[in-house]
Amino acid sequence: MVKRVAIIGAGPSGLTSMKACLEEGMVPTCFESSDDMGGLWKFKEVSEPNRASIYRSLTINISKEMMCYSDFPIPADYPNYMHHSKILKYFRMYAEHFKLLEYIRYQTLVKSVKQRPDYSRSGQWEVLTQSKDGQEERHVFDAVICCSGHYTYPHLPLKEFPGIETFEGKYFHSWDYKGPEDMQGKRVVVVGIGNSGGDIAVEGSRVAEQVYLSTRRGAWIVRQVSDNGLPLDMKYNTRFVHILFQLMPVSFLNWFGEGKVNAMYDHTMYAIKPNHRLFSQIPVFNDELPLKILSGSVVIKSNIKEIRGSTVEFEDDSVLEKVDVIVFATGYNYDFPFLPQNAMYKTGHRVGLYKHVFPPTLEHSTLAVVGFIHALGAIMPQAEMQARWVASVFKGTKKLPPTQTMIKSVEKDTKVIQKNFIVSKRTPLQVDFVDYMDDLAGEIGIRPSLLWLFFTDYALFKRLLWGPMTAYQYRVTGKGKWDGARKAIFTQFDRMYEPLKTRKVDGQDQGTSLAGLLFKLSLTAMVGGAAAYYVHARNPNTIPNLIARLRPQMA
């Protein structure tokens, strides 16, 4: 029986969910409250309620090769760090290429998702929608995928800022920020040193009289432009680095990483050093903020203690007079107001989802959440992996474990997250990108075997071990295999270089030097034994089984 699946939201998670359902022979209907697809990446001059919002100058901090879907590379001539308009164009190309647009119903708000009266037997859901003219309609679906994201509901904790009601200037949340026009010649305080707070402080400093950046805890600031000018994630988000993280003490990794970050700019000297260690929280990516601090355009301040008219006092007792604008870059609350409360399992600060996708206590596995994930990596490939797994579960080719097993797994995940990362009610979730992708890929049966490739395709093995952790490698084998995956992996640096070839320069061709090659070979030899031990410790039967499979070929 072909299943009808409701998908809530036509952003990057919704698009890949539609595609995954179609590949499994199901019929998706995507409800999008806006007049266009793209979700967060659809820029609006005026922020719309219950929708994510971005500012005019926003450029993504993930490089294009690391953020694209696994079987649809971003055009080679697109810049490595793309403006939101380019990202939206890519999503539109993706939707058109895979013929997804016909399944989207625009300007249709999902008001509620409820279990049908015969849910115990059928597992079906009733979805109540409202059109732009206010007309309500009820639909019946065999399954539902929630792709509404978690940058929709701004967190504006005014009670934490005594005297805000007396403020004589203008204040607003970063959700409402579109550009620095209102900061021209003004004295501005930006509250929060996350990615948005850093971007707004930098942009505002170009037109404001003075910008002050207030932070409660500080942050580690990391450059997007890495060694030799490479995108940071293409250089360091690799399987080899991940293996090192598994084998080395986290205290050493923090010490080493903090040393490299402080070598760029001393975080203590710049007054931005946080209390937490480098790998306890996703850092702030901003190449310009340290220069703005060094030039005095942005001044770092402690948390706000009190506001009196146009005066702002900070916890270190310093005082600013004649403040005109306060921007609260204080994060977002997450919620799924259209879902029944009993559908969600709570654990710690977060909604407890099995592998961050399925509510563990439902009688039927016909409700899933895709894209509600936070890691040091792009959401797009993670959402795609989740969607492929969800579609296989909905289709019945993959089964979820019993409820109690899923609950134990969820509780274990919560403890791991709380142990390894800084979490709060607004940032309740963080996972290891490589571990998470490999875990879901294992569920689907598409995880590449490095050990097998070492013996059968050494050239590809090297690129998967040393190269960027791009999504193409999850199309190399298994269900959904893409014939172009191997070529995409071998040419990913070509696409990285392409937009930089705007002027011919004489000199040595891009490539690996002899010294670099010898260094990699020596590291491979050094880590080889450790990697084999790592594989054996986690899966004791892997190496013996591989040897048994290879023996007839070697005879």
Side-chain angles (χ1 to χ4, degrees), residues 62-63 65-67 70 220 222 226-227 230-258 260-261 277-283 285 355-356 373-382 384-386 413 416-417 419-421 429-444 446-454 458 460-477 489 492-493 519-539 542-543:
I62 303 290
S63 67
E65 287 297 303
M66 302 297 290
M67 65 154 280
S70 61
W220 294 104
V222 177
S226 184
D227 304 341
L230 293 175
L232 177 72
D233 48 8
M234 288 193 75
K235 186 172 181 65
Y236 289 108
N237 194 353
T238 70
R239 286 187 176 277
F240 178 77
V241 171
H242 175 71
I243 291 172
L244 292 182
F245 268 70
Q246 303 299 310
L247 298 175
M248 293 184 177
V250 68
S251 57
F252 170 80
L253 294 167
N254 278 314
W255 170 81
F256 181 79
E258 290 165 11
K260 285 189 69 73
V261 172
R277 305 303 301 271
L278 176 60
F279 295 113
S280 296
Q281 192 175 63
I282 294 176
F285 296 95
K355 297 188 183 294
H356 312 293
I373 193 72
H374 200 43
L376 193 55
I379 187 67
M380 296 76 172
Q382 294 178 90
E384 180 186 36
M385 188 67 73
Q386 291 177 328
D413 284 344
V416 170
I417 292 169
K419 177 183 177 182
N420 296 331
F421 305 106
L429 177 62
Q430 187 173 334
V431 298
D432 180 275
F433 181 80
V434 179
D435 273 346
Y436 186 68
M437 292 286 283
D438 274 352
D439 183 30
L440 290 192
E443 292 284 345
I444 307 169
I446 59 174
R447 177 177 175 176
S449 170
L450 290 186
L451 203 56
W452 176 258
L453 290 173
F454 179 84
Y458 185 70
L460 181 58
F461 162 81
K462 287 192 300 181
R463 282 162 176 79
L464 293 194
L465 177 64
W466 292 101
M469 182 66 184
T470 47
Y472 312 126
Q473 58 188 264
Y474 297 108
R475 294 284 180 178
V476 170
T477 186
I489 293 169
Q492 53 197 357
F493 276 99
F519 176 71
K520 283 191 173 184
L521 287 174
S522 63
L523 275 179
T524 302
M526 179 182 68
V527 171
Y533 172 77
Y534 169 74
V535 171
H536 180 72
R538 300 185 68 167
N539 299 285
T542 299
I543 294 177

Within-4.5 Å side-chain heavy-atom neighbours: Q473 and L460: no

Closest non-hydrogen atom pair, V222 against P283: CG2-CB, 3.6 Å

Whether over 12 other heavy atoms sit under 6.0 Å from F245 CZ: yes

V431 side chain near I373 side chain, heavy-atom distance below 4.5 Å: yes

Check: D438 side chain, R447 main-chain N or O, donor-acceptor pair, under 3.5 Å: no

Residues in salt bridge (charged side-chain N to carboxylate O under 4.0 Å, His left out) contact with D432, at least two apart in sequence or another chain: none

Whether F461 and F454 hold their rings parallel, tilted or perpendicular, with breakpoints at 30° and 60°: perpendicular

Any donor-acceptor N/O pair, D439 side chain to D435 backbone, under 3.5 Å: no

Nearest heavy-atom neighbours spanning D413 and K355: OD2-N, 4.5 Å

Minimum side-chain heavy-atom gap M67-D233 below 4.5 Å: no

4.5 Å side-chain heavy-atom contact, E384 and S70: yes

Exercise: identify the closest heavy-atom pair between L453 and P448: CD1-CB, 4.5 Å

M234 and F493, any side-chain heavy atoms less than 4.5 Å apart: yes

Test item: Y474 and I446 side chains (from C-beta on) under 4.5 Å apart, heavy atoms: yes

Where Q430 and I417 come nearest, the two heavy atoms and their spacing: O-CG1, 3.5 Å

Whether F256 and F252 hold their rings parallel, tilted or perpendicular, with breakpoints at 30° and 60°: parallel

Heavy-atom pair with the smallest gap, counting every atom of L232 and S226: CA-CB, 3.6 Å

Test item: P468 and Q492 side chains (from C-beta on) under 4.5 Å apart, heavy atoms: yes

